[in-house]
Enquirer: 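Below: one structure in structure tokens.
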Amino acid sequence: MKLVLATRNDHKLREFREALPRMEILPLPDEVELPAETGETFADNALEKARTAHKATGLAAIADDSGIEAAALDGLPCVRSARYAGDAATDEQNLQKLLDEVAAANGDRRVAYVCALVHVTGDGEEWLFEQRCTGRLATEPRGSGGFGYDPAFIPDDYDDDRTMAELRPDEKHAISHRGRAARAFREWLESRS
Ligand code: IMP
């Protein structure tokens with residue numbers, strides 16, 4: 001089955017291909033412009049991206065919108081995760097801002113990654129799969145795997161103190177918000193066939 005992935009993020013393309021090995025996941029054609037992420041929820045943003053990819057290509061599409069929520073910051077940065085330190089901010093700058101703000105807050109280091117995955121079928125039906133991965137924020141970044149906030153995200157699912165950036169890719173997929181959403185989507189697809 002062919003699916004267009006509505007993203008310009010090569011990390012996501014790689015992670016979805018690894019998580020859905022039996023699908024042919026196509027990158028979004030260069031000429032298709034993705035909508036600005038102005039929604040108030042991950043689901044709103046994922047829906048707009050998946051609809052855009054489906055309308056532009058006529059193919060079944062998937063899109064995800066994801067981010068991190070910090071308990072000490074009442075859930076921020078949430079849908080602003082990719083540009084928390086400014087529109088042109090790097091992953092390192094976004095992570096440093098989160099570390100600084102959580103350090104200055106109330107000592108609560110609980111965080112969660114959230115992934116909303118929207119699938120638009122070839123016929124235009126729309127389906128949402130939303131999953132979370134909980135953890136706590138390290139005081140300093142560690143590790144070189146993954147991307148974004150991974151160097152400071154210590155998942156609850158393993159008994160050691162490794163950050164997401166210190167896990168092997170298969171260990172990250174097994175527990176991550178995106179891996180869980182991709183599996184929920186895969187199970188749903190299999191239940192329909
Ligand atoms: P978007 O889903 O493309 O809007 O980007 C979400 C942002 O959330 C990314 O730029 C990262 O900063 C962060 N993020 C989402 N998923 C992950 C992950 O698996 N690891 C680390 N950071 C993530």
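Numbering of residues begins at 1 and proceeds along the displayed sequence. Whatever order the structure lists ligands and atoms in, that order sets their numbers, starting from 1. As the structure is a prediction and not an experimental result, all values here were calculated from the model.
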Enquirer: Considering only non-hydrogen protein atoms, determine which one is nearest to atom 6 (C) of ligand 1 and report residue, atom name and distance to 0.1 Å.
Expert: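 The answer is Ser66 O, 2.8 Å.
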Enquirer: Show the atoms of ligand 1 that are less than 4.0 angstrom away from any heavy atom in Gly148.
Expert: 21 (C), 22 (N)
Enquirer: Should the ring pair Tyr113 and Phe153 be called parallel, tilted or perpendicular, given that the plane angle runs from 0 to 90° and is split at 30 and 60?
Expert: parallel
Enquirer: With a 3.5 Å cut-off and no angle check, do the side chains of Gln96 and Tyr84 form a donor-acceptor pair?
Expert: no
Enquirer: For ligand 1, which atoms have a heavy atom of Ser81 less than 4.0 angstrom away?
Expert: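 Going through ligand 1 atom by atom, the ones under 4.0 Å from Ser81 are 7 (C), 8 (O), 12 (O).
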Enquirer: Using heavy atoms and a threshold below 4.0 Å, how should the contact between Glu37 and ligand 1 be classified: side chain, backbone, both, or neither?
Expert: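 Only the side chain of Glu37 comes within reach of ligand 1.
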Enquirer: Between Tyr84, Phe147, Phe153, which one has a non-hydrogen atom sitting closest to atom 14 (N) of ligand 1?
Expert: Phe147
Enquirer: Which protein heavy atom lies closest to atom 20 (N) of ligand 1, and at what distance to 0.1 Å?
Expert: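 Among all protein heavy atoms, the one nearest atom 20 (N) of ligand 1 is Asp150 OD1, 2.7 Å.
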Enquirer: Is it the case that over 12 heavy atoms from other parts of the model lie below 6.0 angstrom from the CZ atom of Arg80?
Expert: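 Incorrect, the count does not exceed 12.
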Enquirer: With the threshold set at under 4.0 angstrom, would you say Lys12 reaches ligand 1 through any of its heavy atoms?
Expert: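 A heavy atom of Lys12 does come that close to ligand 1.
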Enquirer: State the atoms of ligand 1, each with its element, that fall below the 4.0 Å cut-off from a heavy-atom position in Tyr149.
Expert: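 Contacts of ligand 1 toward Tyr149, numbered from 1: 12 (O), 13 (C), 21 (C), 22 (N).
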Enquirer: Going by atom types only, do Glu15 and His173 share a side-chain donor-acceptor pair under 3.5 Å?
Expert: no
Enquirer: Is the number of heavy atoms from other residues, nucleotides or ligands under 6.0 Å of Arg22 CZ greater than 12?
Expert: no
Enquirer: Which atoms from ligand 1 have a heavy atom of Lys172 less than 4.0 Å away?
Expert: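 Listed by number with element, the hits are 18 (C), 19 (O), 20 (N).
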Enquirer: Within the supplied structure, the quantity of interest is the number of heavy atoms (other residues, nucleotides, ligands) at a distance under 6.0 Å from Glu190 CD; does it exceed 12?
Expert: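 Correct, the count exceeds 12.
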Enquirer: Distance to the ring centre below 6.0 angstrom and angle to the axis at most 45 degrees; does that hold for Arg14 and Phe16?
Expert: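 That pair does not qualify as a cation-pi contact.
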Enquirer: Could a heavy atom of Asp65 be found less than 4.0 Å from some atom of ligand 1?
Expert: yes
Enquirer: Tell me which protein heavy atom sits closest to atom 10 (O) of ligand 1, plus the residue, atom name and distance to 0.1 Å.
Expert: Ala82 CB, 3.5 Å
Enquirer: For atom 16 (N) of ligand 1, what's the nearest protein heavy-atom neighbour? Residue, atom name and distance, please.
Expert: Arg178 NH2, 2.8 Å
Enquirer: Take atom CG in Asp170; do more than 12 heavy atoms of anything else shown fall under 6.0 Å from it?
Expert: yes
Enquirer: Does a side-chain heavy-atom distance below 4.5 Å link Arg178 with Gln131?
Expert: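 Not in contact.
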Enquirer: Is it true that Asn94 lies under 4.0 Å from ligand 1, counting heavy atoms only?
Expert: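 The answer is no: ligand 1 sits nowhere under 4.0 Å from a heavy atom of Asn94.
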Enquirer: With side chains defined as the heavy atoms from C-beta onward, is the minimum distance between His177 and Glu130 less than 4.5 Å?
Expert: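 A side-chain contact under 4.5 Å is absent here.
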Enquirer: Between Asn9 and ligand 1, is there a nitrogen or oxygen pair with a distance under 3.5 Å?
Expert: no
Enquirer: For His177, is the nearest heavy atom under 4.0 Å from an atom of ligand 1?
Expert: yes
